[in-house]
Amino acid sequence: MSNGPLSDLHAAVLEAATTLADAPPRSSPTLERPKQADFGDLSTNAAMLLAPLLKASPRDVAGRLGDELSGRLGEQLTRVEVAGPGFLNLFLGDAWFVEALRHVIDAGPEWGGGGATAVEKVDVEFVSANPTGPMHIGHARNAAYGDALSRILAFHGHEVEREFYVNDFGSQVRRFAESIRARRLGEEIPEGGYQGDYVKELVGLDDGEISLDEVGRRAVDEMVARTKASLAHFRVSTDVWFSERSLHPEKVEHAFSVLEAQGNTYRHEGALWCRTTDFGDDKDRVLVRSTGEHTYFASDIAYHQDKRERGFDRLVDVWGADHHGYIQRMKAAYAALGGDPETLELLIMQFVNLPKGKMSKRAGNIVTLDDLVEEIGVDATRWYLLQRSHDTTIELDLDLASRKTAENPVYYVQYAHARIQAVLDKAGRTQADAGFADRSLPLESGERALIMKLLAFPAEVAEASDRRAPHRIATYALELAQEFTAFYRDCRVVGSEVEDFRVALSITAQRTIARALDLLGVDAPHSM
RNA sequence: GCGCCCGUAGCUCAGUGGAUAGAGCGCUUGCCUCCGGAGCAAGAGGUCGUUGGUUCGACUCCAACCGGGCGCGCCA
């Protein structure tokens with residue numbers, strides 16, 4: 001399907017280029033908004049790609065391409081211009097912009113969505129914080145990212161399942177229980193135990209009569225309940241809560257048999273090993289220790305085998321930066337199971353640094369997700385954590401982020417949305433009035449720029465989805481808000497001769513801002 | 001030692017082959033009889049870590065090096 005006027009235009013450029021060269025160019029030509037206004041509305045590098053094929057100078061090819069394109073597009077194209085090393089700059093007519101806006105209006109609130117060419121069933125596993133402590137700032141970033149990515153993938157047209165893996169099995173749960181019991185009895189916390197104040201809050205779960213196993217179960221249940229509440233408050237939803245304990249013993253044994261059937265396990269020094277080195281790992285990994293205990297890795301393999309059998313086209317795991325060394329072995333193990341490692345994406349969230357000291361789970365003074373939300377609010381927290389690429393470490397300046405003023409771009413974007421509402425209220429219009437009569441007067445540059453920005457939305461969504469990059473949406477939302485504000489400054493809406501047109505433009509801008517914010521899980525208020 | 005991520009304006013960071021490298025914050029100077037001033041306009045501020053290479057063209061791709069972060073368990 002068409003992603004709108006821009007992709008139609010891009011297709012026209014590609015066709016014209018293909019006609020000229022009798023073959024498509026090696027790489028797809030660009031069609032972008034140039035930085036300078038006098039370079040036209042859009043610019044393509046097609047001629048420079050074609051020049052080697054035609055054995056002609058790029059500027060010469062650009063001239064021929066311009067003629068070809070003018071013939072195809074007629075009055076939509078006011079004029080073309082060859083520039084620089086061989087760019088072809090396109091100057092589009094008002095009629096093109098008016099039709100383009102009509103297309104956006106007709107698309108309604110779904111504008112920008114559904115563009116995925118190959119729809120995939122995707123599992124997104126994120127946060128998966130250990131149920132032995134509260135979620136900290138790193139989990140907050142992971143949660144915001146995984147949630148926004150899920151929203152974006154779904155909006156783009158994929159079928160998404162969101163999943164949280166609960167590590168409710170193994171030695172850490174026992175240590176957790178031991179820590180609680182020790183706390184209850186006033187004894188010293190055991191080596192490698194848990195010390196935070198939250199442990200003290202849990203001593204009531206242990207009446208002294210029940211087994212340590214039971215203490216562990218109750219404590220984990222309580223921590224999971226708290227995690228669910230924190231995430232819900234952070235506007236993060238989860239479809240599946242997958243218990244590690246539920247893997248034992250059947251699913252783990254099943255995974256072992258799958259590996260064994262592929263000939264990828266062996267026994268050595270009393271332990272059971274997985275031959276991950278055959279699949280790119282730098283050493284083989286233990287599945288069952290010589291003591292008979294399963295490793296964490298055994299659980300993870302069983303978990304991924306289970307996901308495999310649930311029939312996804314793609315598995316996405318969002319992990320913390322301290323797990324990056326785990327990627328190679330996990331992919332290797334997935335291949336050893338017979339899976340296609342290309343369909344297993346292991347994404348790493350880089351750290352969030354606090355100006356003073358770093359977060360440490362077992363230290364007493366940690367900044368939790370709940371603290372963050374209480375301090376600076378859901379909207380600002382999500383925006384702050386999502387505005388940067390997941391593979392760069394970010395600094396969190398609590399003072400700055402918490403100021404509800406101009407320093408934080410999220411309020412600027414929300415303000416633009418609220419301001420549009422004020423304009424619509426003043427005009428006595430609603431979202432239902434999006435349609436408009438034909439526009440006769442020439443368009444102002446602010447109108448053209450805003451329409452062009454709206455048209456860019458589907459490509460931004462596609463980019464954010466394909467590259468797992470929610471921060472692109474944040475950047476886009478800010479730019480769109482700026483573009484609307486410029487339009488608002490220069491073009492009177494209420495009472496203008498072209499009020500219908502400008503109301504329609506305002507409505508589409510408001511919808512698109514609201515959609516972009518929603519993809520980030522940020523509210524779009526009608527007033528502030 | 002090996003591996004992953006990062007190095008772009010004073011600060012925090014966008015920019016995965018195109019023209020004169022951008023935004024927010026901070027700083028300077030203007031703007032409130034005019035649809036919301038949580039705003040707008042203008043300005044100062046850069047050897048895109050370094051050195052080579054590929055290319056008509058490199059912040060972008062490749063190599064080496066320098067600097068920072070994080071990992072390299074029969075822990076989870």
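Every chain is numbered from 1, with letters handed out A, B, ... down the list of sequences. None of these values were measured; they are calculated from a predicted model.
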In whole Å, measure the gap between the [atom1] atoms of [N] and [M] for me.
{"N": "B/rG53", "M": "B/rA58", "atom1": "C1'", "answer": "11 Å"}
{"N": "B/rA14", "M": "B/rG7", "atom1": "P", "answer": "8 Å"}
{"N": "B/rA9", "M": "B/rU47", "atom1": "P", "answer": "8 Å"}
{"N": "B/rG49", "M": "B/rG15", "atom1": "P", "answer": "15 Å"}
{"N": "B/rC32", "M": "B/rG69", "atom1": "C1'", "answer": "47 Å"}
{"N": "B/rC27", "M": "B/rU12", "atom1": "C1'", "answer": "16 Å"}
{"N": "B/rU8", "M": "B/rG67", "atom1": "C1'", "answer": "15 Å"}
{"N": "B/rG43", "M": "B/rU55", "atom1": "P", "answer": "40 Å"}

Any donor-acceptor N/O pair under 3.5 Å between [N] base and [X] side chain:
{"X": "A/Asp38", "N": "B/rA19", "value": "no"}
{"X": "A/His323", "N": "B/rG71", "value": "no"}
{"X": "A/Ser389", "N": "B/rA14", "value": "no"}
{"X": "A/His324", "N": "B/rC5", "value": "no"}

Would you please say whether a donor-acceptor pair under 3.5 Å links the side chains of [X] and [Y]?
{"X": "A/Tyr266", "Y": "A/Asp284", "answer": "yes"}
{"X": "A/Asn167", "Y": "A/Gln172", "answer": "no"}
{"X": "A/Asn264", "Y": "A/Glu260", "answer": "no"}
{"X": "A/Thr368", "Y": "A/His139", "answer": "no"}
{"X": "A/His390", "Y": "A/Asn142", "answer": "no"}
{"X": "A/Ser389", "Y": "A/Asp391", "answer": "yes"}

Taking 4.0 Å as the cut-off, does a side-chain nitrogen or oxygen of [X] come that near to OP1 or OP2 on [N]?
{"X": "A/Lys283", "N": "B/rG73", "result": "yes"}
{"X": "A/His294", "N": "B/rC74", "result": "no"}
{"X": "A/Arg489", "N": "B/rC32", "result": "no"}
{"X": "A/Ser171", "N": "B/rA76", "result": "yes"}
{"X": "A/Gln482", "N": "B/rG24", "result": "yes"}
{"X": "A/Tyr412", "N": "B/rC40", "result": "yes"}
{"X": "A/Arg59", "N": "B/rC56", "result": "no"}

Base-pairing assignment for [N] (Watson-Crick or G-U wobble, both under 3.5 Å):
{"N": "B/rA23", "answer": "B/rU12"}
{"N": "B/rC59", "answer": "none"}
{"N": "B/rC31", "answer": "B/rG39"}
{"N": "B/rG1", "answer": "B/rC72"}
{"N": "B/rG7", "answer": "B/rC66"}

Next item on the list: Kindly state whether the pair A/Phe351 / B/rC70 counts as stacked, where counting means centroids closer than 5.5 Å and planes tilted less than 30° apart.
Entry: no

Next item on the list: Could you check whether A/Tyr326 and the base of B/rG71 form a stacked pair, meaning centres closer than 5.5 Å and planes differing by less than 30°?
Entry: no

Next item on the list: Would you kindly compare A/Ser290 and A/Asp391 by the position of their nearest RNA chain B nucleotide and give the one closer to the 5′ end?
Entry: A/Asp391

Next item on the list: Describe the nucleic acid contact of A/Ala418 in one word from base, sugar-phosphate, nothing, applying a heavy-atom distance below 4.0 Å.
Entry: base

